[in-house]
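One structure is given below, encoded as structure tokens.
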Number of protein chains: 2
Amino acid sequence: MRIMLHPLLTDPRNVALLKLLLGNPRMSISELARQLGVSAPTVRERLARLQERGVIRRFVADLDPQALGLPVTVFVRIRPMAGKLSKIIELAQTLPQVSECHRITGEDCFILKAHLAGLDRLDELIDQFLAYGQTTTSIVQSSPVHARGVPLPQGRVR
Amino acid sequence: MRIMLHPLLTDPRNVALLKLLLGNPRMSISELARQLGVSAPTVRERLARLQERGVIRRFVADLDPQALGLPVTVFVRIRPMAGKLSKIIELAQTLPQVSECHRITGEDCFILKAHLAGLDRLDELIDQFLAYGQTTTSIVQSSPVHARGVPLPQGRVR
DNA sequence: TATGAAACACACTGAGT
DNA sequence: ACTCAGTGTGTTTCATA
């Protein structure tokens, strides 16, 4: 059993709905209905089910960090000291600069993404984690692929 | 000049609007208007301006990779061979599995995030990049901080 | 810029197929 | 599971301040 797709996504009409919604997440239900050639209540029901079942996790307003005065993005990898693992998780969850934190395999146990007002705010971030482990920091210079979504079943590479 | 905030965000009413919108990006304009104590057309105009000026980049439907049959998330760091830098960018942009790719400082030049149907699809991904450089792969085991947004000026750590 | 009123479009419900 | 039709709400434009 290689492919474990959500049952709702075996219906191509749901996939088509998601494709439209990815293109424009604020498209109205009636507009979606028109483009799909079905009635609005139908679209409404399918959408509701996709959300209930967790295929659509949530809708997000993507703000520009630079406009918010946070032009510097960094990745920090952290190798915890013995017994400090949960401290790092706590800290990452507490700091608003941290927008993502993942537990990963490999020599480092965590990787996190953070947004800063300037490079001179980096030490402030790092210092807090240094209490619990070693850190390796990478500053983002540019983003050739910029947080595009997960691919839909249709055009997916096998 | 440390803080370089977007001019629109010096108006606290815009910040309040964004805060509501972050809480629920599909909140209707009239609902926003009610909660802010202004008229609907006003909210509509402010929202339009925030989008025009790029403070709000876009609205995103966040799909669950697992539901799409892509339960494995990996980070791959790549250290390019001489002259292969642009090849790596091209490849990252071409592969639908790759949802993010950043140029970074440090020993590796790139870090990318990818979503896979299974661990047995990892070699397929890595092999393509190995043509242009060395790779270091980390598999995501869990996500203590799960892609929350960038913090607004209000509650921000200085 | 903000507003109120009016025209229009949309969301949602319930009954019927 | 879809559609149709009805009701109430939301959106959008415009004239005005």
Side-chain angles (χ1 to χ4, degrees), chain A residues 3-64 66-69 149 152-154, chain B residues 3-64 66-69 149 152-154:
Chain A
I3 300 171
M4 213 21 217
L5 210 59
H6 194 287
L8 284 176
L9 293 177
T10 55
D11 185 338
R13 284 172 294 183
N14 282 330
V15 177
L17 174 54
L18 284 180
K19 195 173 287 183
L20 283 174
L21 215 52
L22 287 182
N24 174 12
R26 280 177 79 82
M27 192 181 289
S28 72
I29 288 179
S30 10
E31 182 61 24
L32 291 166
R34 252 172 309 219
Q35 300 208 22
L36 293 171
V38 295
S39 72
T42 299
V43 171
R44 183 184 146 64
E45 255 203 44
R46 284 178 179 272
L47 226 183
R49 205 159 310 157
L50 285 166
Q51 293 195 253
E52 270 168 27
R53 310 274 173 95
V55 176
I56 299 174
R57 270 204 211 115
R58 61 214 221 281
F59 289 89
V60 186
D62 175 28
L63 305 188
D64 180 9
Q66 174 135 9
L68 295 173
L152 285 180
Q154 285 310 59
Chain B
I3 301 172
M4 213 20 218
L5 211 57
H6 194 286
L8 284 176
L9 293 177
T10 56
D11 185 339
R13 285 171 295 183
N14 282 330
V15 177
L17 173 54
L18 284 180
K19 195 173 288 184
L20 283 175
L21 216 52
L22 286 182
N24 174 12
R26 279 177 79 82
M27 193 181 287
S28 73
I29 289 181
S30 12
E31 182 62 23
L32 291 166
R34 246 166 306 186
Q35 300 210 23
L36 293 171
V38 296
S39 71
T42 300
V43 171
R44 184 183 145 66
E45 256 205 44
R46 283 179 180 272
L47 228 181
R49 204 158 311 156
L50 286 166
Q51 293 195 253
E52 271 168 26
R53 310 273 173 94
V55 176
I56 299 174
R57 269 203 212 115
R58 62 215 220 283
F59 289 89
V60 185
D62 176 28
L63 305 188
D64 180 10
Q66 174 137 10
L68 295 173
L152 285 179
Q154 285 308 63

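Chain naming here is simple, since letters A, B, ... match the order of the sequence lines and numbering starts at 1 in each.
Scored by the salt bridge (charged side-chain N to carboxylate O under 4.0 Å, His left out) test, B/R49 finds B/E45 as partners (sequence neighbours excluded). Qualifying salt bridge (charged side-chain N to carboxylate O under 4.0 Å, His left out) partners for A/R53, counting only residues two or more places apart in sequence or in other chains: none. With sequence neighbours excluded, the residues satisfying side-chain hydrogen bond (donor to acceptor under 3.5 Å, both in side chains) with A/R58 are B/D62. Applying the salt bridge (charged side-chain N to carboxylate O under 4.0 Å, His left out) test to B/D64 and every residue at least two apart in sequence or in another chain returns A/R57.
Considering all non-hydrogen atoms of both residues, B/G69 and A/L5 come closest at N-CD1, 3.9 Å.
For the pair B/R26 (side chain) and A/P25 (backbone), a donor-acceptor distance under 3.5 Å is present.
When DNA chain D is scanned in the 5' to 3' direction for atoms under 4.0 Å from non-hydrogen atoms of chain A, the outermost contacting nucleotides are D/dA1 to D/dC4.
By the 4.5 Å heavy-atom criterion applied to side chains, A/L21 and A/I56 are counted as neighbours.
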Across nucleotides 1-17 of chain C, 5' to 3', mark each nucleotide with B, S or - according to how protein heavy atoms within less than 4.0 Å reach it.
SSBB-----SSSB----
